[in-house]
Amino acid sequence: MTSKYIRSLALLLCAALLGCLLTACGGSASSPASSAAPASDSASASGSSELPSSTTEANTGELNPGNFDENSVFSITGTENAFAPCLGWGPGVSGCSLKSVIAAASLLHWAEDARMSSRSPEAIQDAFYSWYDGLTDNQQEGFAEAWPLIKDAALDLLSDKDSMTGRIADAGLDADTLPGCTLKNWQALQAVLDDIVPETNGEA
């Protein structure tokens, strides 16, 4: 009886051990499959979220800002400094010929730096009025009277600078830096100002 009992116990232990081994093998076999699936899911998820968003943002980021800047008054800076030499004198005032050259040189450089030919007329108007609306009535009238002299001097600098050598020197300007503007940038500014600067009877 004792030997049969020991043999039966041994068989039960063997059976239990075999069952444990089979269970362990089954778990390890299924474990890689279950862990592999999330890895592929995460890879596909990261691929779908990174590529489209990054490429789209790069393209739109390069295209949009330029269109806004070209038509924004905030991108046209230096208006007050550019027009400062245009005030305090007018036709008939002593030295107005030299002062018109100084004012023209200032506006030419401004037109070039601001790339006026790439701006909309509305943006140029807004930039001008941001300065003009802050003037007194006398200053506005004075600028309107001086404007014809200023634009004539600017056109002379653009088309026949050599004939203005004496006036440029007397005005204390560097001839090598003049006119410092392309014709198209000046014409963009002049066209807007011709439309909005009121005509005066300054010559009367």
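Here the structure is a predicted model, which means the values were calculated and not measured.
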Asks: For the residue pair W110 and L189, establish whether any side-chain heavy-atom pair is separated by less than 4.5 Å.
Replies: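 When only atoms from C-beta onward are counted, L189 and W110 do touch, with a gap below 4.5 Å.
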Asks: Are side-chain heavy atoms of S117 and T182 found at a separation under 4.5 Å?
Replies: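 With C-beta onward as the side chain, the pair stays apart.
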Asks: Taking the side chain as every heavy atom from C-beta outward, state whether I168 and L157 have any atom pair closer than 4.5 Å.
Replies: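 Contact flag for I168/L157 side chains = yes.
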Asks: Are more than 12 heavy atoms from other residues, nucleotides or ligands located less than 6.0 Å from atom NZ of K184?
Replies: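 No.
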Asks: Does E122 have any side chain to side chain contact (heavy atoms under 4.5 Å, CB included) partners at least two apart in sequence or in another chain, and if so, which?
Replies: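 Applying side chain to side chain contact (heavy atoms under 4.5 Å, CB included) to E122 gives S120.
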Asks: Could you pull out the closest heavy-atom pair between A103 and C86, with the gap in Å?
Replies: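 The pair with the smallest heavy-atom distance is CB-SG, 3.8 Å.
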Asks: State the CG-CG distance between L155 and L183, to the nearest 0.5 angstrom.
Replies: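 If we round to the nearest 0.5 Å, L155:CG and L183:CG are 8.0 Å apart.
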Asks: Determine, stepwise, if the pair I76 / M116 fulfils side-chain contact (heavy atoms from CB on, under 4.5 Å).
Replies: CA-CA 9 Å; I76 302 179; M116 290 298 181; 4.1 Å; yes
Asks: Has K161 got a side-chain atom pairing as donor or acceptor with P179's backbone, closer than 3.5 angstrom?
Replies: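 It does not hold such a pair.
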Asks: Report the residues that fulfil side-chain hydrogen bond (donor to acceptor under 3.5 Å, both in side chains) with Q190, sequence neighbours left out, ordered by chain and then residue number.
Replies: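 Listed in chain order: W186, D194.
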Asks: Which heavy atom in T79 sits nearest to a heavy atom in A127, and how many Å separate them?
Replies: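 Heavy-atom minimum between the residues: CG2-O, 3.2 Å.
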Asks: P198 and A144: which non-hydrogen atoms are nearest, and at how many Å?
Replies: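 Minimum heavy-atom contact is O-CB, 3.4 Å.
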Asks: Quick check for you: to the nearest 0.5 Å, what is the distance between D170 atom CG and T165 atom OG1?
Replies: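 Rounded to the nearest 0.5 Å, the CG-OG1 separation comes out at 10.5 Å.
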Asks: Taking atom CG as the centre, does D137 end up with more than 12 heavy-atom neighbours from other residues, nucleotides or ligands that are less than 6.0 angstrom away?
Replies: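 Check fails, neighbour count at 12 or below.
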Asks: Where do A82 and S106 come nearest, in terms of heavy atoms and distance?
Replies: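 The pair with the smallest heavy-atom distance is O-OG, 2.7 Å.
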Asks: Please determine, by modelled atom types, if S163 and D160 share a side-chain donor-acceptor pair under 3.5 angstrom.
Replies: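 The criterion, which ignores hydrogens and geometry beyond distance, is satisfied for D160 and S163.
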Asks: If you define the side chain from C-beta out and look only at heavy atoms, does anything of Y132 sit under 4.5 Å from L193?
Replies: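 In short, these two side chains do not touch, never coming nearer than 4.5 Å.
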Asks: Mind jotting down which residue pairs meet the salt bridge (Lys or Arg N to Asp or Glu O under 4.0 Å) criterion with at least one end in residues 96-114? Sequence neighbours excluded, please.
Replies: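 Every candidate salt bridge (Lys or Arg N to Asp or Glu O under 4.0 Å) pair involving residues 96-114 fails, so no pair, neighbours aside, qualifies.
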Asks: Determine, using the 4.5 Å side-chain heavy-atom cutoff (strictly less than), whether L108 and L98 are members of one ILVMFWY cluster.
Replies: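 L108 does not cluster with L98.
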Asks: Are side-chain heavy atoms of W89 and L149 found at a separation under 4.5 Å?
Replies: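 With C-beta onward as the side chain, the pair touches.
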Asks: What distance do M164 atom CE and S97 atom OG have between them, rounded to the nearest 0.5 Å?
Replies: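 Spacing of CE (M164) from OG (S97) equals 7.0 Å.
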Asks: Quick one: are V101 and D156 in side-chain contact, heavy atoms under 4.5 Å?
Replies: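 Side-chain contact under 4.5 Å: no.
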Asks: What about F83 and F128, are their ring centers closer than 6.0 Å?
Replies: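 Ring centroids of F83 and F128 are less than 6.0 Å from each other.
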Asks: Would you say L178 and H109 make side-chain contact, with heavy atoms under 4.5 Å?
Replies: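 Yes, at least one pair of side-chain atoms sits under 4.5 Å.
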